[in-house]
Amino acid sequence: MDLLRHLRHFVVVAHELHFGRAADRLGMAQPPLSQSIQRLERELAVELFDRSRRQVRLTTAGGLLLAEAEELLAGEGRLRNLMVQVRAGELGVLRAGVPPETPAVTLRALLDQLATRAPGLDVELHELTTAEQVRMLGERSLDVGLLHHPIDADALRFGAPVDVPLGVLLPRTSPLARDRAVPLAALAGLDLVAAPRATAPGWHDHLLAVCRRHGWRPARVRPARNPEFLFGLVLAGGGVAVEPATLARREPRIAWRPIADTSLAKRTSAAWPQRSAHPAAAMVGQLAAEVLAAAEPAPSTSPSLPAARPWPVLFDTTG
């Protein structure tokens with residue numbers, strides 16, 4: 001028995017106290033409506049309407065049922081609306097990963113956008129490297145993440161990518177800081193300060209390949225997981241970093257100079273599992289692209305990307 005359907009019929013008849021008008025409101029014929037009420041009465045083993053006179057009236061049982069039925073139907077409506085919001089990704093918990101170097105203003109902007117778009121969504125944020133996010137997305141212990149490319153993960157879907165121009169971070173006291181742009185070959189003999197390879201292997205390997213191709217073979221690679229440690233190593237002398245301009249703005253003693261002989265950019269996008277993805281994952285991917293694009297200017301030239309590798313993290317536009 002479809003109890004809720006019969007209760008909806010009952011409520012309309014109870015308000016109209018006329019089977020003909022109730023049938024019109026429900027868009028059905030009167031005989032099926034009468035049968036629905038009779039079946040409800042048999043199910044509950046009570047009479048809901050007094051039909052002994054010309055005017056239909058509620059019995060005591062009918063009067064008591066009306067208030068309960070209206071509350072039950074209202075609850076059903078709230079439940080259905082709740083599930084619609086869950087399916088749309090507007091409610092529930094979203095486990096999201098962001099790289100450790102994400103600027104505070106970018107993170108705040110992303111969280112503000114999410115709060116505006118889905119105020120009922122509880123965002124559980126985790127500071128994770130690209131490699132950690134790829135692993136956790138594969139294990140389904142993370143719903144969506146912001147990753148640096150290239151990434152070898154066929155089981156993931158990617159949002160729109162954003163390319164952030166890279167330049168050289170060096171002490172303001174360095175002679176190289178006097179130039180408007182720095183060729184990579186001019187960095188010969190200096191160390192490279194960069195995130196450990198384990199955090200993003202594709203990023204690390206490609207960066208070193210581009211540096212070597214343009215005449216800079218770093219004396220050594222000095223790992224730095226967080227920006228403050230990176231600044232310390234650069235300011236200590238003997239090492240430089242290849243990072244976005246926004247990172248240099250955190251430390252007044254650090255200068256950022258574009259690279260003279262090639263154009264490099266870091267490519268970042270949201271990623272989530274291809275199957276059984278969180279309903280909000282695609283929305284987060286779109287918002288992340290908008291926020292990242294607003295935070296950084298686009299590269300001056302658009303590289304042609306290899307068809308077989310649609311998500312390179314760094315590209316060299318000069319070949």
Side-chain angles (χ1 to χ4, degrees), residues 76 78-102 106-107 109-164 195-206 265-295 303-315:
E76 182 213 16
R78 290 192 297 271
L79 178 63
R80 290 183 180 277
N81 183 60
L82 191 67
M83 294 303 102
V84 167
Q85 293 181 70
V86 170
R87 289 196 301 272
E90 298 172 358
L91 288 177
V93 177
L94 176 78
R95 301 164 300 177
V98 295
E101 70 276 10
T102 305
T106 301
L107 192 58
L110 179 58
L111 291 175
D112 286 347
Q113 290 284 349
L114 281 170
T116 300
R117 185 75 64 88
L121 188 64
D122 182 11
V123 181
E124 189 179 283
L125 214 56
H126 301 271
E127 185 184 45
L128 299 165
T129 66
T130 290
E132 290 170 335
Q133 292 184 59
V134 170
R135 175 179 56 80
M136 292 177 67
L137 287 167
E139 296 171 350
R140 300 303 177 91
S141 56
L142 197 68
D143 298 312
V144 64
L146 286 180
L147 310 182
H148 298 321
H149 298 269
I151 299 165
D152 185 14
D154 295 336
L156 297 181
R157 293 186 62 186
F158 297 97
V162 174
D163 298 323
V164 178
R197 184 181 185 278
T199 64
W203 161 274
H204 189 276
D205 293 347
H206 196 80
K266 177 188 293 184
R267 178 161 286 186
T268 304
S269 75
W272 58 91
Q274 284 197 22
R275 297 183 179 179
S276 303
H278 190 288
M283 175 189 67
V284 173
Q286 176 188 348
L287 291 179
E290 294 171 1
V291 170
L292 291 173
S304 57
L305 302 177
R309 301 265 325 255
W311 304 112
V313 60
L314 288 172
F315 52 83

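Predicted model only: the values in this text are computed from it and were never measured.
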Just by modelled atom types, is the [Y] backbone N or O under 3.5 Å from a matching donor or acceptor in the [X] side chain?
| X | Y | result |
| --- | --- | --- |
| E127 | T102 | no |
| D143 | A96 | no |
| H126 | G145 | no |

Supply the atom-to-atom distance [X] [atom1] to [Y] [atom2], rounded to the nearest 0.5 angstrom.
| X | Y | atom1 | atom2 | answer |
| --- | --- | --- | --- | --- |
| T129 | R135 | OG1 | CZ | 8.5 Å |
| Q286 | Q113 | CD | CD | 10.0 Å |
| D122 | L125 | CG | CG | 11.0 Å |
| L156 | S269 | CG | OG | 9.5 Å |

Is any side-chain heavy atom of [X] closer than 4.5 Å to a side-chain heavy atom of [Y]?
| X | Y | answer |
| --- | --- | --- |
| P196 | H204 | no |
| W272 | V284 | no |
| Q133 | I151 | no |

Which residue, T130, L128, V134, forms the side chain to side chain contact (heavy atoms under 4.5 Å, CB included) with E132?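 By the side chain to side chain contact (heavy atoms under 4.5 Å, CB included) criterion, E132 pairs with just one of T130, L128, V134: L128.
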Shortest non-hydrogen contact from [X] toward [Y]:
| X | Y | result |
| --- | --- | --- |
| H278 | V93 | NE2-O, 3.1 Å |
| A131 | A198 | CB-O, 3.0 Å |
| L142 | G97 | CD1-N, 3.8 Å |
| A288 | L146 | CB-CD2, 3.5 Å |
| G285 | A270 | CA-CB, 3.4 Å |
| L147 | A271 | CD1-CB, 3.4 Å |

Using the side-chain contact (heavy atoms from CB on, under 4.5 Å) rule, take L94 and V144 through it: C-alpha gap first, then chi angles, then the decisive distance, then the call. CA-CA 8 Å; L94 176 78; V144 64; 4.0 Å; yes
Under the side-chain contact (heavy atoms from CB on, under 4.5 Å) criterion, do R140 and R275 qualify, and how do the steps go? CA-CA 10 Å; R140 300 303 177 91; R275 297 183 179 179; 3.8 Å; yes
Intermediate values then yes/no, side-chain contact (heavy atoms from CB on, under 4.5 Å), W203 and K266: CA-CA 8 Å; W203 161 274; K266 177 188 293 184; 2.9 Å; yes
Quick check: are there more than 12 heavy atoms from other residues, nucleotides or ligands sitting under 6.0 Å from CZ of R157? no
CG/D112: more than 12 non-hydrogen atoms of other groups inside 6.0 Å: yes
